[in-house]
**Student:** 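Just passing along the structure, written as structure tokens.
Sequence positions, counted from 1, serve as the residue numbers for this chain. None of these values were measured; they are calculated from a predicted model.
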Amino acid sequence: THVSGALLELSGYTQSELVGKNVSIFRSGQTKEETYKELWSCTSQGKEWRGELQNSRKDESFYWVSLYITPLFGKDGSIHGYNSLQTDISAMIAAQSQAVRDSLTALYNRVLFNETLENMINISKRGNMHLSFLMLDIDHFKLYNDTYGHSHGDKALTSVGKVLKTYVSRVTDYAFRLGGEEFALIIVGLDEAKSLALANRVRESIIDLKIEHEKNTVHRYLSVSIGLYCTKGLKIDNAEFIYAQADNALYQSKRDRRNSVTIFNGKG
């Protein structure tokens with residue numbers, strides 16, 4: 001019913017293009033659906049809501065806002081509208097995004113890893129869903145760098161990162177570069193059999209890059225060893241235990257034969 005001049009400037013729309021329209025006109029398709037559900041559940045009950053959304057301008061470019069919504073009540077106590085106060089936080093989000101991403105592969109880095117693993121554990125516990133944690137290590141990567149040079153090593157790491165991105169299309173999937181040639185995936189909702197199949201698809205996808213590695217003892221191309229931990233939410237101990245067991249499984253893969261997947265076979 002009313003739009004401030006500041007929002008017009010931020011969004012690129014005119015007053016006539018917004019007044020009378022549904023606020024979904026700002027949806028970017030990038031904000032998690034769970035956020036919108038939480039927003040509506042809260043405000044429809046007459047409660048205030050605060051949060052962050054990624055919105056879309058008229059020219060379809062994106063911007064971030066810190067949003068504060070308050071319901072407007074009529075004399076009869078019913079909700080007859082809402083007041084929305086938005087603060088542009090695009091610059092702050094951009095700075096944070098750079099801080100939590102690996103500069104070479106653009107995957108999330110270790111800064112965000114611990115927090116994300118804890119969050120995914122909580123999500124898994126609430127729905128008693130399977131949580132899968134994959135640790136990956138490039139086989140004989142030091143020999144690769146020694147043979148082909150660090151610039152080729154960086155290209156290889158970037159290529160592996162691109163492969164991992166193709167496996168994290170859902171909001172509960174995350175890919176990380178933990179450091180050096182070590183990577184990780186966190187996946188929610190796949191049982192043990194599906195997680196094992198996924199891990200092997202990842203392994204095969206790295207081989208399919210066909211990056212020559214003449215010093216690799218297990219394949220002519222660049223390959224990875226993978227350690228996998230998978231269990232249902234209510235059986236999860238803690239983040240440290242998950243990490244330790246996936247690390248142990250990874251060590252087993254590297255010790256036994258490399259270019260392979262080892263799944264933790266303890267409880268769960």
**Student:** For a quick check under 3.5 Å, do Glu17 and Thr14 share a side-chain donor-acceptor pair by atom type?
**Tutor:**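 Side chains of Glu17 and Thr14: pair found under 3.5 Å.
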
**Student:** So how far is it from Arg110 CZ to Thr116 OG1, rounded to the nearest 0.5 Å?
**Tutor:**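 Arg110 atom CZ to Thr116 atom OG1 measures 12.5 Å (nearest 0.5 Å).
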
**Student:** Just to verify, what does Arg50 make a salt bridge (charged side-chain N to carboxylate O under 4.0 Å, His left out) with, not counting sequence neighbours?
**Tutor:**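 Salt bridge (charged side-chain N to carboxylate O under 4.0 Å, His left out) list for Arg50, sorted by chain: empty.
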
**Student:** NZ of Lys47: more than 12 outside heavy atoms within 6.0 angstrom?
**Tutor:**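 No, not enclosed.
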
**Student:** Indicate the atoms forming the closest heavy-atom contact of Glu212 with Tyr144, along with that distance.
**Tutor:**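 Scanning both residues, the minimum pair turns out to be O-CE1, 3.2 Å.
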
**Student:** Going by atom types only, do Ser66 and Thr87 share a side-chain donor-acceptor pair under 3.5 Å?
**Tutor:**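 No.
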
**Student:** Report, as yes or no, whether the 6.0 Å neighbourhood of atom CD on Glu60 holds more than 12 heavy atoms from other residues, nucleotides or ligands.
**Tutor:**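 Check fails, neighbour count at 12 or below.
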
**Student:** Ignoring hydrogens, what is the shortest heavy-atom contact between Ser223 and Asn216? Give both atom names and the distance.
**Tutor:**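 It is OG-ND2, 2.9 Å.
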
**Student:** Shortest non-hydrogen contact from Ser28 to Thr31?
**Tutor:**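 Reported closest heavy-atom pair: OG-N, 3.9 Å.
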
**Student:** Hey, is NZ on Lys142 packed in by over 12 heavy atoms from elsewhere, all under 6.0 Å?
**Tutor:**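 No, the 6.0 Å shell around NZ holds no more than 12 heavy atoms from other groups.
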
**Student:** Are Val111 and Leu117 linked, directly or through intermediate hydrophobic residues, by side-chain heavy-atom contacts shorter than 4.5 Å (ILVMFWY only)?
**Tutor:**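 Yes, Leu117 and Val111 fall within the same hydrophobic cluster.
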
**Student:** Distance from Ile25 atom CD1 to Asn55 atom CG, nearest 0.5 Å?
**Tutor:**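 Separation between the atoms: 11.0 Å.
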
**Student:** For a quick test of your reading: what N or O donor-acceptor pairs under 3.5 Å do the side chains of residues 153-161 make, sequence neighbours left out?
**Tutor:**
from	atom 1	to	atom 2	distance (Å)
Thr158	OG1	Asp154	O	2.9
Ser159	OG	Lys155	O	3.0

**Student:** Should Lys232 and Glu192 count as an ion pair when the cut-off is N to O under 4.0 Å?
**Tutor:**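 Result for this pair is no, no salt bridge flagged.
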
**Student:** If hydrophobic clusters are built by linking Ile, Leu, Val, Met, Phe, Trp and Tyr wherever their side-chain heavy atoms come under 4.5 Å apart, do Leu228 and Ile207 end up in the same one?
**Tutor:**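 Leu228 does not cluster with Ile207.
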
**Student:** Working to the nearest 0.5 Å, report the span between OG1 of Thr231 and CD1 of Ile242.
**Tutor:**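 Spacing of OG1 (Thr231) from CD1 (Ile242) equals 8.5 Å.
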
**Student:** Under a 4.5 Å side-chain heavy-atom rule over Ile, Leu, Val, Met, Phe, Trp and Tyr, are Val23 and Leu8 clustered together?
**Tutor:**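 In one cluster: no.
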
**Student:** As a test of understanding, state which of Ser84, Ser11, Ser56 forms a side chain to side chain contact (heavy atoms under 4.5 Å, CB included) with Phe26.
**Tutor:**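 The residue from Ser84, Ser11, Ser56 that satisfies side chain to side chain contact (heavy atoms under 4.5 Å, CB included) with Phe26 turns out to be Ser11.
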
**Student:** Would a line drawn from the ring center of Phe264 to the ring center of Tyr229 be shorter than 6.0 Å?
**Tutor:**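 Between Tyr229 and Phe264, which both carry aromatic rings, the centre distance is below 6.0 Å.
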
**Student:** Would one find more than 12 heavy atoms of other residues, nucleotides or ligands at under 6.0 Å from atom OH of Tyr251?
**Tutor:**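 12 or below, so no.
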
**Student:** Any side-chain heavy atom of Val163 sitting closer than 4.5 Å to one from Leu209?
**Tutor:**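 In short, these two side chains touch, coming nearer than 4.5 Å.
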
**Student:** When you compare the side chain of Glu214 with that of Tyr148, does any pair of heavy atoms fall below 4.5 Å?
**Tutor:**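 Tyr148 reaches Glu214 side chain to side chain.
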
**Student:** Report yes or no: is the cationic atom of Arg57 (NZ for Lys, CZ for Arg) closer than 6.0 Å to the six-membered ring centre of Phe62, at no more than 45° off its axis?
**Tutor:**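 Checked: cation-pi criterion not met.
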
**Student:** Membership question, hydrophobic clusters at under 4.5 Å side-chain separation (ILVMFWY): are Ile89 and Leu10 in the same one?
**Tutor:**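 No; tracing contacts between hydrophobic side chains, which count when under 4.5 Å, never links both residues.
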
**Student:** Between His213 and Tyr221, is a ring-ring contact (aromatic ring centres under 6.0 Å, His included) present by the stated rule, with each step listed?
**Tutor:** CA-CA 5 Å; His213 187 357; Tyr221 296 131; over 10 Å; no

**Student:** Is it the case that Tyr68 and Glu48 place a side-chain donor and acceptor less than 3.5 Å from each other?
**Tutor:**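 Yes, Glu48 and Tyr68 have a side-chain donor paired with an acceptor closer than 3.5 Å.
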
**Student:** Drop me the distance from Met129's CE to Met120's CE, to the nearest 0.5 angstrom.
**Tutor:**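 If I round to the nearest 0.5 Å, the distance is 9.0 Å.
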
**Student:** Roughly how far, to the nearest 0.5 Å, is the OG atom of Ser225 from the CD atom of Gln252?
**Tutor:**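 With rounding to 0.5 Å, CD (Gln252) is 11.0 Å from OG (Ser225).
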
**Student:** Can a cation-pi geometry be assigned to Arg177 and Phe113, taking NZ or CZ under 6.0 Å from the six-membered ring centre and within 45° of the ring axis?
**Tutor:**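 No - Arg177 does not lie over the ring of Phe113 by the 6.0 Å and 45° rule.
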
